[in-house]
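What follows is a short report on a single structure.
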Amino acid sequence: MVDLIYQLFPYAIAFTVPLLITSLGGLYSERSGVINIGLEGLMLMGMFVGALIISRTESIYPGTAIWIGLLAAMLFGAVFALLHAFACVTLNANQVISGIAINMIAAAVTVYLARLISGSGNIQIIRGLSRQTIPILSDIPILGRLLFTQTYATTWFVLLILVVATFLLYKTRFGLRLRACGEHPHAADSAGVNVYRMRYMAVIISGACAGLGGATFIVTISGEFNGTAAGLGFLALAALIFGQWKPWGILGAAFFFGFASTVANVSQVVPMLAQIPGIYLKTFPYVVTLAALVLSSKYSLAPKAIGEPYDKGKR
Amino acid sequence: MKKKLIVKKNFLMSLFAVILGLIAGAILMFVTGSNPIEGFYYLFRGGLMNIERIGNSLATATPLIFAGLSVAFAFKTGLFNIGGAGQMLIGGLCATAVGLTFDWPKPILLTVIIIAAMIGGALWGALPGLLKARFNVHEVVATIMMNWIAYWTVFYLVPLYLKGPFLETESQRIPMAASLKVSWLTSLFSGSYINLGIFLAIIFVAITAFILERTTLGYELKAVGYNRDAAEAAGIGVNRNIVLSMAVAGALAGLGGATFYVGFASNMQIGVLPSQGFDGIAVALLGANSPWGVFAAALFFGLLHTGKGFMNAMTAIPPEIADTIIATIIYFAATSVLIERNWDKLNKFRLALRLRKSKQESLEDDSGGEQ
């Protein structure tokens, strides 16, 4: 049993990381008042760009190709998110419909391009990121083996982003203003905050994070772009809600869901887990998210102005 | 008169979104080195060139009609049902399960299949409705969660209970008696996928239009959609109507699932969330949430989806161009506010112009009188 947990942990963490960073992106967008159900599409864009860039550059720059790919995925995610920001912020469009459009555009355009490039529509990378064991820390009893052996560099990178993002959101002027735009944009505006600009920035950040999430999934877990994010973006959305729109809540929720998904994924090959029906494990994140929404309905922690286009003239 | 103007405005805005979508598709084809004119020629020819293709276009449009009706119906009550995909899956699962389990004569079996699909879909839709009514859980989030619960439910239940002889990833093929395909219709359209679903769809479009326009129930549902507080004050049970609206929307999508899984197809694949559920949102937007508008929009999308395979065979353009066009149409439909704003401005301008003209004329008349 203990051995099993030791074995599962690295996989669970690897699965958690893309969820976590995508969720974090969603957090920025939603905290500024823009619903982002386009996370799935933004992630898919990151997967596509990441896989494409890495597959093209890995023979030339074997070591750095992965990092170039991750960076490109972030960049393209951010640019693609501009489409969502333009619709939601500048044109006052329905944010849910725009998010759906983002998902559908990403699904159509990436596969369209991938087919032109490879025929089958799959883009494989030859070498993913390799696992590393952190020298001294991995000698810590129990924790060392759970957290510091066989880790990916991206895991530490994403955790660093989590810390920075939390600091930014809660301890800086920028963060305070961003959160104000999601709670009471008119008050923020009257205090001199440019609501449109803040929301643009938040949505762009969410695109960069989701793009990074998608590319991280490619370099650590799947190794190829195959035309779908398989619901990961929606799982990240569930983590965002279950984590109650708070960075550390999201960390917990993403790990919780990542662990459940990992157990479900390996339950076929591990006899001890085969008794747990996969259906419970896989539906678990969505069921608990619904349950959390029901339980928190009295004192909802969702940003107050979420989903409302900001209309300067309306007071 | 005013209603006519709104219909005209809706039609023009939908047309505008479609044109922009086609332009976006053309740009994508052009940028990737293909000839857009050739692409569109084969795209439309592939959906229309012979009786079999036309039948396929109608068959592809059938689930889209139901998915679009589902979104439009909920929208009339001010609810956003993006759970069409999940409701279709559950409806299809119920239909397939009934079709594979019972060995009854075709008319009875089909009736039971249709009812089962509607009940399955209705339950899947009613739950988010109930959460919305009782606990104020946002239906968008709830229906997204329900989509993925449905996805994994089908993913595990089909291999467990309905598995085919060869593959783990799909159900057994349903017997002919359980299929909405009938031989006379298939041979009439020289072997196409068309099935009884299209007639069901037309019937349900008419029923939905009747409910919404001519009954107290429809009036109440729309009243809740227009202004919840006013409806409450007028003695309309808002919560009851929310649950009811979502249940009906779910039933419609469930029925769409039946027309897809036991009509268009003859077994269920696991691991696929039917894209029609999301295309249905585009259909509803394009059809301006009116049942017959939905019907027309779904036929158009059915045509695109049927033609894309032919286009891919004749040119080097990947079939996803059709999906790109549809996705872009949604985006432009969402941003139609911009178009609407300009339309209103244009109208005001025209009105002002007309007013000025008539004023001028009357002035001239007056001055004429003085002379």
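Every chain is numbered from 1, with letters handed out A, B, ... down the list of sequences.
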(request) Flag the one option from Leu157(B), Val141(B), Val140(B), Ile321(B) with the top tally of heavy-atom pairs under 4.5 Å to chain A. (result) Ile321(B)
(request) Mind running side chain to side chain contact (heavy atoms under 4.5 Å, CB included) on Lys282(A) and Phe155(B) for me, showing each step along the way? (result) CA-CA 10 Å; Lys282(A) 284 289 193 181; Phe155(B) 191 92; over 6 Å; no
(request) Counting only heavy atoms closer than 4.5 Å, note whether Ala106(A) contacts chain B via side chain, backbone, both or neither. (result) neither
(request) Decide yes or no for Arg134(B) and Val294(A): does some side-chain heavy atom of the first lie under 4.5 Å from some side-chain heavy atom of the second? (result) no
(request) Report the C-alpha distance between Thr32(B) and Tyr112(A) in whole Å, list the side-chain angles of each, state the deciding distance to 0.1 Å, and finish with yes or no for side-chain hydrogen bond (donor to acceptor under 3.5 Å, both in side chains). (result) CA-CA 10 Å; Thr32(B) 52; Tyr112(A) 179 93; 3.0 Å; yes
(request) Kindly indicate whether the side chain of Ile37(A), heavy atoms from C-beta on, has any atom under 4.5 Å from the side chain of Ile82(B). (result) yes
(request) Compare all side-chain heavy atoms of Pro318(B) with those of Val111(A) and state whether any distance is below 4.5 angstrom. (result) no
(message) For the CG atom of Leu293(A) and the CE atom of Met145(B), what is their distance to the nearest 0.5 Å?
(response) 7.5 Å
(request) Working to the nearest 0.5 Å, report the span between CE of Met146(B) and OG1 of Thr283(A). (result) 10.5 Å
(request) Check each atom of Ser98(A) against the heavy atoms of chain B and say whether the ones under 4.5 Å are side chain, backbone, both or neither. (result) both
(request) Would you indicate whether Tyr11(A), at its atom OH, is surrounded by more than 12 heavy atoms from other residues, nucleotides or ligands within a distance under 6.0 Å? (result) no
(message) Quick check on Tyr200(A): does its OH atom have over 12 non-hydrogen neighbours (other residues, nucleotides or ligands) under 6.0 Å away?
(response) yes
(message) Below 4.5 Å, heavy-atom pairs only: which of Ile317(B), Asn136(B), Thr153(B), Leu273(B) has the largest tally toward chain A?
(response) Thr153(B)
(request) Select one option (side chain, backbone, both, neither) describing which atoms of Phe278(B) are under 4.5 Å from chain A's heavy atoms. (result) both
(message) Rounded to the nearest 0.5 Å, what separates atom CD1 in Ile149(B) from atom CG in Leu290(A)?
(response) 5.0 Å
(message) Quick one, Arg115(A) and Pro319(B) - any side-chain contact, counting heavy atoms below 4.5 Å?
(response) yes
(message) Minimum heavy-atom separation for Ile330(B) and Ala101(A), please, with both atom names.
(response) CG2-CB, 3.7 Å
(request) Would you give the length of the straight line joining atom CG of Leu113(A) to atom CG of Leu28(B), rounded to the nearest 0.5 angstrom? (result) 6.0 Å
(request) Counting only heavy atoms closer than 4.5 Å, note whether Asn147(B) contacts chain A via side chain, backbone, both or neither. (result) neither
(message) If I take atom CD1 from residue Ile281(B) and atom CG from residue Asn94(A), how far apart are they, to the nearest 0.5 angstrom?
(response) 10.0 Å
(message) Using 30° and 60° as the class boundaries, would you call the ring planes of Trp148(B) and Phe234(A) parallel, tilted or perpendicular?
(response) tilted
(message) Just so I know, are the side chains of Ile326(B) and Met104(A) near enough to count as touching, which here means a heavy-atom distance under 4.5 Å?
(response) yes
(message) So for Ile279(A), is it side chain, backbone, both, or neither that comes closer than 4.5 Å to the heavy atoms of chain B?
(response) both
(message) If you count heavy-atom pairs within less than 4.5 Å of chain B, which of Ile100(A), Ile35(A), Val109(A) leads?
(response) Ile100(A)
(message) For Leu285(B), which atoms come within 4.5 Å of any heavy atom of chain A: side chain, backbone, both, or neither?
(response) side chain
(message) Does atom CZ (Phe80(A)) have a neighbourhood of more than 12 heavy atoms from anything else shown, all under 6.0 Å?
(response) yes
(request) Heavy-atom distances under 4.5 Å only: say whether Tyr156(B) touches chain A with side chain, backbone, both or neither. (result) side chain
(message) Which one wins on heavy-atom pair count under 4.5 Å against chain B: Gly231(A), Gly278(A), Ala87(A)?
(response) Gly278(A)
(message) Does any part of the side chain of Tyr331(B), heavy atoms only, come nearer than 4.5 Å to the side chain of Ile97(A), both counted from C-beta?
(response) no
(request) Answer with side chain, backbone, both or neither: which region of Ala150(B) has an atom nearer than 4.5 Å to a non-hydrogen atom of chain A? (result) neither
(request) Report the distance from atom CD1 of Ile241(A) to atom CD1 of Ile144(B), rounding to the nearest 0.5 Å. (result) 7.0 Å
